[in-house]
Amino acid sequence: MDFETYLEGLQGKTAAVIGIGVSNRPLIELLLRRHVAVTARDRKSWEALGPLADELAAMGCRFRLGEDYLQDLTEDIIFRTPGLRPDVPEIAAAVARGSVLTSEMEAFFEVCPCHMIAITGSDGKTTTSTIISELLKAEDKTVWLGGNIGHPLLCDTPRMRPEDYAVLELSSFQLMTMKRSPAIAVVTNLSPNHLDVHKSYQEYIEAKANVFLHQGKDGVTVFNADNADSRASARKAPGEVRWFSRQGRVENGVFLEDGVLYQAEGGSVTPILPISDIALPGMHNVENYMAAFAAVRGLVSAETMDAVARSFHGVEHRIERIRVRRGVRWYNDSIASSPSRTIAGLRSFTEKVILIAGGKDKGISYDAIGPEINEHVKYLILCGATAGVIRESVQKAANYAGLPIREVQDYHEAVALADEVSGEGDVVILSPASTSFDRFANFMERGSVFKDIVNALPD
């Protein structure tokens, strides 16, 4: 279905857009311009929405705000915000009455006129998505980066050409009700995550699988051969399976051997580049490159792969170097909203670091992070709701040897303490191992606040 046909099918209907924010604003405005009767629904108050509410109201938008924002949900079409479960009673009742449940991303999948590559997984989605985008752009292809990264793409659809590429980072929340899959998909890895929203780890895995389940036999999905849950999930893939591994050779995909990345296809093995030439630090970024290289095989030359890996220096909030001050390197790894992500960040450094961690608990185990912190951290500063569970995991680990641990109230105190205890040659890194929602709107805001505080330290 093309974009205009989709919008024509909405005319004369009512639509509920759940969640009024940056991601849904373009959708609300698009629907209003096409004379769809829109009710924007959000738990926030009119005052909390600020000028945005006034602007949308001037366009004819109706509102249902506050704690009862899901009451009287009778619209013909419901655009769900990703963080809201599709089976909450109000939505389930509306669907039972005949409402159609969708989302901005699901609508985009219906009308997208160009090639699509989608990336999901528990860790590495954003960096892998960005690397794929950079690789394609280096081959002079027009790339639209969106989904959980960038900005909503539905409204950009009329400007897309068939030869373009939409590179989409997709969360488990976006994938829960997805009934379409892209031609090329990547599952970076699978580990327990977002169990404060998902009913179980199995439900989380099943949501992720929607990125490839609806492919045909000509589809391609890239999986992590070193991850047991990824290998199990790969058995359900209807199309070609490509692998990446840093632990052993694969017959179809990308692997690491003796410090060199190799591409394997059809019985032949060809070198790509030594991992020492990759500009991004850390073995987890080697894995991100392997996943990306496997996904773009046939679309990107080996020369381009080599050039991008040597020149691309990373994405904001992902082991982002903020500054070097008095011989101390400060890093922002605010994207690390899970223990596994923080573990990967800690392993990126050869020296022991001063770690600032903690945030909102999302219902997952922190047992694995304790031994890693004891091994890779020289001073631990904790802040937020998960401070206690992180401390407990460190102190009960078999390798605990009296690591200094301090709890503080906020990032101002954390930065001041890290500045006090650090010296020339040290690394200080914010890598929370927890979500940002206890104090911040998202990990970007969290990272930006931290960067501002660090940059405000006098020279």
Does the side chain of [X] reach to within under 4.5 Å of the side chain of [Y], using non-hydrogen atoms?
X      : Y      : result
Val187 : Asn224 : no
Asp164 : His115 : no
Leu382 : Ile405 : yes
Thr120 : Val186 : no

| said: Against Arg347, only a single residue in Glu375, Glu372, Glu287 fulfils salt bridge (Lys or Arg N to Asp or Glu O under 4.0 Å); can you say which? | reply: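 The salt bridge (Lys or Arg N to Asp or Glu O under 4.0 Å) with Arg347 is passed solely by Glu372 among Glu375, Glu372, Glu287.
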
Looking at [X] and [Y], does any basic side-chain N land under 4.0 Å from a carboxylate oxygen?
X      : Y      : value
Glu320 : Lys451 : yes
Asp426 : Lys352 : no
Glu424 : Arg326 : no
Arg249 : Glu257 : yes
Glu407 : Arg391 : yes
Asp87  : Lys199 : yes
Glu203 : Arg85  : yes
Arg329 : Glu351 : yes

| said: Is the distance from the ring center of Trp144 to that of Tyr165 below 6.0 Å? | reply: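 They do not qualify: ring centres at least 6.0 Å apart.
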
Is there a donor-acceptor pair under 3.5 Å between the side chain of [X] and the backbone N or O of [Y]?
X      : Y      : value
Asp419 : Val415 : no
Asp277 : Leu273 : no
Thr304 : Val300 : no

| Among Ser434, Ser337, Ser436, Ser334, which one satisfies side-chain hydrogen bond (donor to acceptor under 3.5 Å, both in side chains) with Arg446? |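 Between Arg446 and the candidates, side-chain hydrogen bond (donor to acceptor under 3.5 Å, both in side chains) is satisfied uniquely by Ser334.
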
| query | Between atom CZ of Arg80 and atom CZ of Arg41, what is the distance when rounded to the nearest 0.5 Å? | reply |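 These two atoms lie 16.0 Å from each other.
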
| query | If you round to the nearest 0.5 Å, how far is CH2 of Trp243 from CZ of Arg231? | reply |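 Arg231 CZ to Trp243 CH2: 7.5 Å, rounded to 0.5 Å.
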
| Shortest non-hydrogen separation from Ile18 to Thr81 and the atoms involved |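 Taking every non-hydrogen atom into account, O-CB, 3.0 Å.
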
